[in-house]
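Presented below is the structure to which this report refers.
Order of appearance sets the numbers: ligands from 1, and atoms from 1 within every ligand.
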Amino acid sequence: MLKLRSLRFSAGFTIACLMVSTLFLVGCSAFKSKEEKAAERAKEAFRQSKGETKVAGNTNGNPKWKKDIDDSLTRGRNAVPGNQTASNPSGPPPRNQTTNVKIDLNAAKATTYHSVDTGGNHIALTFDDGPHPTNTPRLLDMLRERNIKATFFVVGPNARRYPEIMKRIVAEGHEIGNHTMTHGDLSKMSNTSIKNELDGCRDAIIGACGVNPRIMRAPYGALTSSQKIYIKDTWGYPNIHWSVDPEDWKRPGPSVVANRITSRTRAGGIVLVHDIHAPSVVAMPQALDGLLHKGFRFVTTSQLISLGNRTASVEETPPATEATASAAEAEAEASAIGGEPTPAVPLPSARELGGESHARIEE
Ligand code: NI
């Protein structure tokens, strides 16, 4: 009898437990966190961007491709909560305030810049590895609409291949930087090979648009200290690293890229993006408007350096994200109270952390 009672009790208890856990699960799925919903949307955007890229690779210049990108841009604009353009998708975007500054890189002695303390809300947005025949013109439209000046670190072969786009980049007030010929790891090259890389890209840029670049960016951020000095002495180029890397080359989806950029950018920051990747360009309206709404002023990289003679360059600071963002935060705080920027703590180099891994030059 006792046994039967205990059996009944345990059966009843099990059923009750099942009911409670079912209710709990139903409750959970009904109240998905914002992060889960954002992740789902990002996955969807990623799936869409993958499809779009596939088409782009095969039917370059095809009107259907253009329509796909248009649709994708509209989706990108409307899909994300808290996106300023979503509430008024047809309205004009915010506009960047023009900054005029005399470019003077001679006064800037650092061989590498990760960010620059300008004493203001200036930031530099940089696009690597292009120009790309369709992504870059699309991006230029977005920048023009917002009066934003950016920096394009181009590779020599693409500069040569798309001179009209290079001319447009220059005509619209953007800066061009040297990003080598082969996008190889310079830290493993001899000075003779580096000379071929940088001379070749410089000549391709001059040939395409008549501009002699004043700055360079090492692919993957990979340069030894002595190479940085060699490059500064030979070409006068400072090496431009970055303080914000949204890791767009991993294709996490446009809304993730946009959110990373808007949440991690601090005053004086240098933001790394790749205009060879269509989803990165799709991310731009949300990222640009988010940064403009936060009160940042976009300038070219040479403007940023010229604005800040107190530079925040620390060798071997990490390329990415939270660590650098908090260093920039500390720096901004120090500036606000009139102190000197807090030196960033030396951390593993870009390469150890994976750095900028986008060796593939698309199309
Ligand atoms: Ni690159």
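- Not one N, O or S atom of D128 sits under 2.8 Å from the Ni ion (ligand 1).
- Scored by the ring pair (Phe, Tyr, Trp, His ring centres under 6.0 Å) test, F127 finds F152 as partners (sequence neighbours excluded).
- Applying the salt bridge (Lys or Arg N to Asp or Glu O under 4.0 Å) criterion to R160, with sequence neighbours excluded, gives no partner residue.
- A centroid separation of 6.0 Å or more is found between the aromatic rings of W242 and F153.
- Checked for salt-bridge contact, R146 and D289 meet the test: a charged N lies under 4.0 Å from a carboxylate O.
- Around the Ni ion (ligand 1), the two atoms NE2 of H179 and OD1 of D129 are separated by an angle of 90°, to 10 degrees.
- Here H274 does not reach the Ni ion (ligand 1): none of its N/O/S atoms is less than 2.8 Å from the metal.
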